[in-house]
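These numbers come from a predicted model, not from an experiment. The sequence lines fix the lettering, A, B, ..., with proteins before strands; numbering per chain opens at 1.
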Amino acid sequence: MGYRIALVGNPNTGKTTLFNRLSGARAKTSNFPGTTTAARIGRAMLANGAAPVEAEIVDLPGLYRLGLSTPESTICREVLAGQGLYHKPDAVVVVVDACNLTRNLVLVGELLAYDEPVVVALNMVDLAQRRGLTLDAAALSREIGCPVVPIVARRGEAVDRLSSIVADVLKRGGAHTPLGLDGDQALEAWADKAVAASVTGIGSGGDSLTQRLDEAFTHPILGILVFAGVMGGMFWTLFALAQLPMDLIEAVFAQLGAWVYTTLPAGAVRDLTADGIIGGIAGTAVFLPQICLLFFLISLLEDTGYLARAAFVMDRLLCRFGLPGHAFVPLLSSHACALPGIMATRLIPDRRDRLATILVAPLMSCSARLPVYVFLTSMLFVGQPLYAAVAFAGCYLLGALSALVSAAVLRRTLVKGTARPMVLELPSYKVPSFTNALISARDQGFAFLKTAGTIIMAISVVMWWLSAYPTAGAAPRAVALQQRAAATADQAAAKALLAEADAVQARAQQQQSFAGRLGRLAQPVFAPLGYDWQLTVGVLTSFLAREVFVSTMSVLLGGSDDPDLADTGVIARIRGATRDDGSLLFTPATSASALVFFVLAMQCTSTLAVTRQETGSMKWAGIQLAYMSALAYAAALITYQGLRAAGIS
Amino acid sequence: MHSAELATEDCALLRALGLTDRCLLRVCKAGEPCIVEVKATRIGLSRTLARGVFVVPEATA
């Protein structure tokens, strides 16, 4: 069995940068057993003369003290003790911020209480020098009784020397004598003594630029303006840059589906492969560029040091609704997709704060809602692009406001309590690392594909089966149209007749299918919202994944499963679609009601699965589904009935 | 400096961040958030938390 190294350190000490330097891009991310805390594990060849040593590096979560009752501290203690499913490491590398030695050394003192050998990586020595500190690594090493290696992880300076010393320690093996210090005060005194013996000069936490930036970024008015500008820029970048790769992914999967259609013989296997499997994978993969780009940008912002300041700006607003400032990154991420948003709540230290954030995160308008918003606003405001744009923006606002109000209600009922007051270390401002951001984007992308891909694909297969079976016989009107097409000599007319025959047959199939029957059965429940059985089918199928709504409606009403609504023929057919009594289906009141319903409803089984995973209980996933469905139904009912009462039907 | 009227977990976190008993700190910004500098680290505290920390000017400490 190879060597195993635990990488430990305070947050913002450059631990991830060192981990990436040591293990390159070969690291994999998983969870610590039995927890939702992410663990990154990499392999490194530690240079040691002619005989390099191979070791597995476990990047433990950043923590301030081992003794705290936080999940990070608990995991670290268990790993160091080799408890449960954890293997005891052969050595511990602790990354220490040279600018803030006393506090970091307290953690070193706690680590030295275990019997694993410890090596201190004294990082950011360049910054410490710029701040007027002179560090004597040899004196520090003598004082604390373990090797100390000054490094600049960001530039890779002295990382080879560090790996060589770690390799030496591993080869020598054996346990060291644990440091016997009792209590916080003894540890703090030990750290102060070590600093006094090895550091000269008076460091400062920041220069006048840091001071001015902090004042601006946390200012009650200027801070909000900067925040709005940064977030606006980020979203613009997100939507502008992600569009091209999203279109490309859609085109590739469309080609693949077409190839399957032309290659495989007609039948259930062909339809399942093209519509169920390829369609399902495409439905997930299309969001990948947005997810990766979002996390790339968030990682860059976090690296600059701005996000910690932004958390305080948002804390002023969020704490009024019972949410902590930490919740803003998860809520922001949920605008791309609720899955990474919910996973990002791991950053929130308090469990009840975290639970409240998880419960409301899916109310933020995610990418999957975009095509639905485009579709319904175009139904609602025909030829009025300005009104459609206002309605579109209103959907985002409605989602965000509902999330805040729901949080306030939840904090007074199911998740009682107020948000824990914020305390955060404000890291130094610095130029962000593109490598770290790329690795973060890759890791989050894989996590999204793994979690969502499997679930959405399974749902798509089920959806395909529900709408494809039982098979309807040939519809008499479709047969008649086909006969007319065969009889006519005009090629264009024949083509149009065949297309109409296909539309009629597709509609007959939907009516006869299990999905269609379910729609008819459930229609009385949705009748007060203005929905007929066709719209009910669209809404019900969307409870599995909301993005299928547009394709379901285009199959049901447009006679085509082409999701590209730029085809004006399909849009016109849907707009002119009628109910069984011949009246128009998409009236303004019905469209507005459906729009409100889609803004607020929990229509994503993947999100429910992630909520269950992150809260450790089906109960909270059930509560999320129940309260969001009730909220969506009530709001859609009020919208529909209110508009009708106002004379808009 | 000593803490008062704060939850045990908040006290423990403040201590871990370097805000220990009788430590020397510099107030960089008062208000919401309150930014203090302790041993070369800048720490942001929400107003609620800052109100629970008792500080005396260095000259009278």
Side-chain angles (χ1 to χ4, degrees), chain A residues 10-12 63-70 73 97-104 106-107 128 131-133 184-185 187-188 191-192 195 202-206 210-211 214-215 218-220 223 305 308-309 311-313 315-316 319 324-325 349-350 418-428, chain B:
Chain A
N10 279 188
N12 308 310
L63 77 163
Y64 289 107
R65 292 282 282 267
L66 279 177
L68 291 178
S69 58
T70 60
S73 300
D97 177 0
C99 300
N100 190 356
L101 208 48
T102 315
R103 192 190 73 199
N104 281 250
V106 172
L107 177 64
R131 289 188 178 174
L133 294 171
D184 288 341
Q185 284 184 341
L187 262 173
E188 284 156 13
D192 280 334
V195 171
I202 303 165
S204 160
T210 302
Q211 178 67 25
D214 275 355
E215 278 176 11
T218 59
H219 190 271
R309 280 78 180 177
F312 277 105
V313 173
D315 188 52
R316 280 191 210 113
C319 72
D350 185 82
T418 52
R420 213 168 132 186
M422 275 247 303
V423 53
L424 266 186
E425 181 182 351
L426 301 176
S428 311
Chain B
M1 190 199 90
H2 62 84
S3 54
E5 297 171 5
L6 290 175
T8 316
E9 315 90 81
D10 292 329
C11 280
L13 183 56
L14 288 178
R15 189 177 190 109
L17 280 163
L19 275 162
T20 54
D21 292 343
R22 300 182 184 283
C23 77
L24 196 65
L25 64 83
R26 184 167 74 88
V27 179
C28 304
K29 178 182 171 286
E32 177 72 64
C34 171
I35 300 176
V36 297
E37 190 180 306
V38 189
K39 290 174 185 164
T41 303
R42 289 169 86 82
I43 300 166
L45 304 163
S46 68
R47 198 192 295 268
T48 322
L49 214 57
R51 277 183 185 145
V53 180
F54 182 71
V55 185
V56 290
E58 192 181 0
T60 59

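- With contacts defined as side-chain heavy-atom distances shorter than 4.5 Å, the pair Arg15(B)/Asp184(A) qualifies.
- Proximity to chain B is limited to the side chain of Thr102(A), based on heavy atoms less than 4.5 angstrom apart.
- Going from atom CD of Glu425(A) over to atom CG of Leu13(B) covers 10.5 Å, rounded to the nearest 0.5 Å.
- Annotation: the span from Thr41(B) atom OG1 to Asn10(A) atom CG amounts to 8.5 Å, rounded to 0.5 Å.
- Interatomic distance, Cys319(A) SG to Arg47(B) CZ, rounded to the nearest 0.5 Å: 10.0 Å.
- Side-chain contact between Met422(A) and Leu49(B) is absent, with no heavy-atom pair separated by less than 4.5 Å.
- Two residues are said to be in side-chain contact when any heavy atoms from C-beta on lie closer than 4.5 Å; Val423(A) and Asp10(B) fail this criterion.
- Between Arg42(B) and Asp214(A) there is a salt bridge, with a side-chain nitrogen of the basic residue lying less than 4.0 Å from a carboxylate oxygen of the acidic one.
- A donor-acceptor contact shorter than 3.5 Å links the side chain of Gln211(A) to the backbone of Cys28(B).
- Taken to the nearest 0.5 Å, the SG atom of Cys23(B) stands 9.5 Å off from the CD atom of Glu188(A).
- For Gln185(A), the CD atom is loosely surrounded, since the number of other residues' heavy atoms within 6.0 Å does not exceed 12.
- When every heavy atom of Arg65(A) is checked against every heavy atom of Ala16(B), the shortest pair comes out as CG-CB, 3.3 Å.
- Side-chain contact between Arg316(A) and Pro33(B) is present, with at least one heavy-atom pair separated by less than 4.5 Å.
- For Asp192(A), the part sitting under 4.5 Å from any heavy atom of chain B is the side chain, from C-beta outward, and nothing else.
- Here the shortest heavy-atom pairing between Gly44(B) and Leu426(A) reads N-CG, 3.8 Å.
- Of the atoms belonging to Ile35(B), it is side-chain heavy atoms, and not backbone ones, that fall under 4.5 Å from chain A.
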